[in-house]
Amino acid sequence: MPNQKRRKDVRNIAIIAHVDHGKTTLVDALLKQTGAYTFKDGETVVMDSNPLEKERGITIFSKNASFIYKGVQFNIVDTPGHADFGSEVERVLKMVDGVLLLVDAFEGPMPQTKFVLKKSLELHLKPILVVNKIDRTTSQPHKVADLTFDLFCELNATDEQMDFPIVFASGKEGIATLELEEEGKDMKPLLDTILRRVLPPVADPKKPFQMLITMLDYDSYVGRISIGRIFHGKIKNGDPMALVKIDGTIKQGKVTKILKYKGLKRVEVDEAIAGDIVSIAGMDDVNAGETLASVDDPKALPKIKIDEPTISMLFSHNTSPLAGKDGGRFLTSRHVRERLEHEALTNVGIKIEPLVNSDKVKVSGRGELHLSILIETMRREGYELEVSSPKVIFIKTGGETLEPIEELLVEVDKGYQGAVIEALGARKASMKDMQTTSIGTIRMNFLIPTRGLIGFRSDFLKMTRGTGIMYQNFYQYQKFKGEITHRQSGVLISMNRSKAVAYALDSLQNRGEIFIRPGDDVYEGMIVGINNKGNDLVVNANREKKLTNMRASGADEAIKLITPREMTLEFSLEFIEDDELVEITPKNIRLRKRYLTENARKSKTRVARSIATQGKTK
């Protein structure tokens with residue numbers, strides 16, 4: 001609107017893309033170009049500084065950064081590319097006026113590209129297409145630009161949104177160019193494009209103060225910290241402020257600290273005005289989507305719509321016989337519950353529900369990866385816990401049961417597509433599209449129930465000899481697709497507490513894959529391997545060879561143990577059934593039965609059969 005005031009000295013922009021398309025590397029290049037890097041102990045501090053992010057090579061948490069270019073302050077937000085962290089993307093888009101849509105110059109638009117672009121177009125944000133990784137020999141930037149234009153058409157972008165500029169870049173090399181024929185020298189072409197095409201934020205410092213809370217943080221000294229963009233007015237340190245809750249109720253407080261971003265650091269300031277992205281402390285009972293406002297005119301800004309969780313798991317403290325033996329510092333149910341409640345203060349995509357008359361806590365999130373990141377974080381902090389198998393969250397509406405459906409993209413070498421299609425068909429998947437890529441691989445699109453993907457990743461890697469690539473993204477809720485068979489094999493269960501013996505494992509490995517090594521601690525009810533025959537089998541993992549004074553007629557055969565499977569958190573969560581748990585400690589990940597003794601398991605089985613029989617009779 002022509003009468004709206006805009007701050008010409010600020011640009012607020014988010015960088016969005018599919019996972020591993022180079023968002024963080026590009027942001028680092030922009031920070032380096034503008035001299036906004038900070039240093040710690042002589043080392044450069046980059047965007048993905050969290051240990052888990054470094055290990056996995058993905059962005060998990062949204063981060064803000066700021067730099068100055070040609071006298072204009074650029075506030076840029078790096079967002080996660082994985083679908084499980086979609087709630088992070090949805091929130092930060094409310095803070096910005098434009099987006100850099102990053103697309104790999106070889107892979108082109110991928111499922112998460114479609115997800116993040118759809119969100120930004122719905123918010124009427126101005127996109128800038130950045131075709132990244134043009135330095136790769138297999139890049140095809142012009143073709144990728146055409147495919148991205150087709151994606152805009154598919155998402156019903158407006159004519160104004162379709163008129164997006166294209167910048168070709170290499171975040172790794174720190175170069176950008178508007179024409180491929182012109183060799184890039186630095187990132188200035190991209191910075192100039194942002195300056196020219198992204199609108200300055202609408203900002204009227206004379207209006208009553210309003211700030212939409214989009215992210216949360218916590219500091220043990222100042223308490224809960226609200227992060228967001230100031231849409232109207234201004235605020236000073238020590239000013240009174242009002243919190244407009246989701247339900248319309250109003251609470252009052254006082255500003256105790258205002259923080260702005262300078263490079264990657266947050267620095268304390270005395271005042272912030274409309275258009276700024278800031279962190280404000282002083283109000284404890286805050287949630288994402290609520291509004292900080294003037295006490296004289298407390299009005300709410302439009303709420304943030306965040307997709308609901310699709311997966312839930314039960315968390316509890318470690319109750320195994322080995323609890324406390326692996327260096328854990330937080331061992332009780334109170335410790336676990338308080339840590340999860342603290343997580344819910346800052347992680348908007350997580351929902352926490354303590355169960356009545358139980359020490360278990362139901363934790364819901366956007367996917368297996370979303371929850372496994374939380375579990376891994378708690379493990380590294382010294383918590384010992386047990387978690388159940390992931391469960392899909394169903395919705396009942398109009399007398400029908402609806403379940404979450406995922407859009408799945410798989411890319412495999414020729415020869416493997418038949419096995420993959422057959423496996424996905426058994427999991428109620430339907431194929432949307434199949435095509436051959438320029439390098440000869442087969443790329444297939446499916447729609448599949450979320451529960452059909454539980455446990456599929458490890459099977460997929462086996463059937464493609466580790467060469468297959470798969471991506472998933474939440475699609476929508478649809479009618480229940482019918483029962484899906486999960487694990488076909490049974491498990492080998494330890495019958496007593498002891499240390500595993502090589503002689504016993506040598507005989508057990510003929511039955512299936514083994515999870516433990518000689519000398520490992522085992523206990524009654526612990527799962528020590530897979531039984532290929534399909535039924536659960538109780539075994540003795542510490543059986544030793546009997547010694548006699550009789551000379552053997554032939555030489556003893558040497559024991560040759562196959563290297564056991566490495567127990568990763570992802571495999572464990574995918575593998576377990578409803579009657580099993582994953583035991584997580586700072587040093588080990590173990591699998592166990594929910595009921596450790598064989599008698600207890602038989603008793604629960606009889607009760608379950610009796611209840612099922614009574615139900616059929618009725």
Side-chain angles (χ1 to χ4, degrees), residues 316-328 331 379 384-389 455 458-459 462 486-548 552 555-605:
S316 67
H317 66 292
N318 187 10
T319 61
S320 89
L322 298 179
K325 305 291 185 183
D326 284 349
L331 308 174
R379 175 192 178 195
E384 289 197 14
L385 61 153
E386 294 170 349
V387 297
S388 69
S389 58
S458 56
D459 291 344
K462 282 182 183 178
H486 187 203
R487 195 176 71 203
Q488 302 294 321
S489 57
V491 292
L492 303 175
I493 308 165
S494 174
M495 66 188 305
N496 51 28
R497 181 171 178 178
S498 61
K499 287 188 180 292
V501 175
Y503 179 76
L505 298 183
D506 184 44
S507 59
L508 291 179
Q509 68 184 3
N510 295 324
R511 296 183 176 275
E513 192 172 12
I514 300 298
F515 296 158
I516 59 175
R517 290 177 169 83
D520 285 354
D521 288 313
V522 296
Y523 54 83
E524 183 179 9
M526 178 176 160
I527 298 172
V528 298
I530 297 174
N531 184 18
N532 290 333
K533 290 193 174 180
N535 60 306
D536 292 349
L537 184 66
V538 178
V539 299
N540 185 357
N542 72 325
R543 182 169 62 90
E544 297 181 348
K545 183 178 181 181
K546 292 182 179 180
L547 300 178
T548 70
D556 290 339
E557 291 184 7
I559 294 175
K560 295 180 181 179
L561 294 179
I562 300 170
T563 304
R565 172 185 284 274
E566 181 184 357
M567 297 304 293
T568 64
L569 185 57
E570 284 74 15
F571 166 76
S572 301
L573 294 177
E574 291 175 351
F575 180 79
I576 61 172
E577 294 281 11
D578 295 346
D579 64 335
E580 297 163 358
L581 299 171
V582 182
E583 174 191 349
I584 296 130
T585 72
K587 293 182 180 178
N588 289 293
I589 295 175
R590 304 183 182 95
L591 304 184
R592 52 162 286 185
K593 285 292 184 179
R594 190 182 296 272
Y595 303 101
L596 296 180
T597 66
E598 188 174 8
N599 286 337
R601 292 193 294 274
K602 288 180 178 178
S603 175
K604 291 295 177 182
T605 301

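As the structure is a prediction and not an experimental result, all values here were calculated from the model.
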* In a check of side chain to side chain contact (heavy atoms under 4.5 Å, CB included) between Ile514 and each of Thr563, Leu505, Ile530, which one passes? -> Leu505
Distance (rounded to the nearest 0.5 Å) between [X] [atom1] and [Y] [atom2]:
{"X": "Met526", "Y": "Ser320", "atom1": "CE", "atom2": "OG", "result": "8.5 Å"}
{"X": "Asn531", "Y": "Leu508", "atom1": "CG", "atom2": "CG", "result": "10.0 Å"}
{"X": "Arg592", "Y": "Ser572", "atom1": "CZ", "atom2": "OG", "result": "14.0 Å"}
{"X": "Glu577", "Y": "Asp536", "atom1": "CD", "atom2": "CG", "result": "9.0 Å"}
{"X": "Leu573", "Y": "Ser389", "atom1": "CG", "atom2": "OG", "result": "9.0 Å"}
{"X": "Tyr503", "Y": "Glu544", "atom1": "OH", "atom2": "CD", "result": "10.5 Å"}

Could you check if a side-chain atom of [X] sits within less than 4.5 angstrom of a side-chain atom of [Y], using non-hydrogen atoms only?
{"X": "Ile527", "Y": "Leu492", "value": "no"}
{"X": "His317", "Y": "Thr319", "value": "yes"}
{"X": "Gln509", "Y": "Leu561", "value": "yes"}
{"X": "Asn318", "Y": "Leu331", "value": "no"}
{"X": "Asn496", "Y": "Glu524", "value": "no"}
{"X": "Ser507", "Y": "Arg543", "value": "yes"}
{"X": "Phe575", "Y": "Val491", "value": "yes"}
{"X": "Ser498", "Y": "Val522", "value": "yes"}

* **Residue of the set Arg590, Arg379, Lys325, Arg594 for which salt bridge (charged side-chain N to carboxylate O under 4.0 Å, His left out) holds with Glu583** => Arg590
Mark yes or no for whether [X], through its side chain, and [Y], through its backbone, hold a donor-acceptor pair below 3.5 Å.
{"X": "Asn532", "Y": "Arg511", "result": "yes"}
{"X": "Glu384", "Y": "Gly324", "result": "yes"}
{"X": "Asn588", "Y": "Thr585", "result": "no"}

* Asked: Step by step, would you call Arg497 with Leu322 a side chain to side chain contact (heavy atoms under 4.5 Å, CB included)?
  -> CA-CA 10 Å; Arg497 181 171 178 178; Leu322 298 179; 3.5 Å; yes
* Structure fact -> Heavy atoms of Pro564 and Phe515 approach each other most closely as CB-C, 3.9 Å
* To do: Heavy atoms only: give me the nearest Ile589-Thr568 pair and the separation to one decimal.
  => CD1-C, 4.1 Å
* Asked: Is it true that atom CZ of Arg565 has more than 12 heavy atoms of other residues, nucleotides or ligands lying nearer than 6.0 Å?
  -> yes
* Asked: Should Leu581 and Ile576 be marked as a side chain to side chain contact (heavy atoms under 4.5 Å, CB included) after you check the CA-CA gap, both sets of side-chain angles, and the distance that decides it?
  -> CA-CA 7 Å; Leu581 299 171; Ile576 61 172; 5.7 Å; no
* Asked: Can we say Lys593 and Asp579 salt-bridge, meaning some charged N sits less than 4.0 Å from an Asp/Glu carboxylate O?
  -> yes
* Please walk me through it: do Lys499 and Asp521 pass salt bridge (charged side-chain N to carboxylate O under 4.0 Å, His left out)? -> CA-CA 5 Å; Lys499 287 188 180 292; Asp521 288 313; 2.8 Å; yes
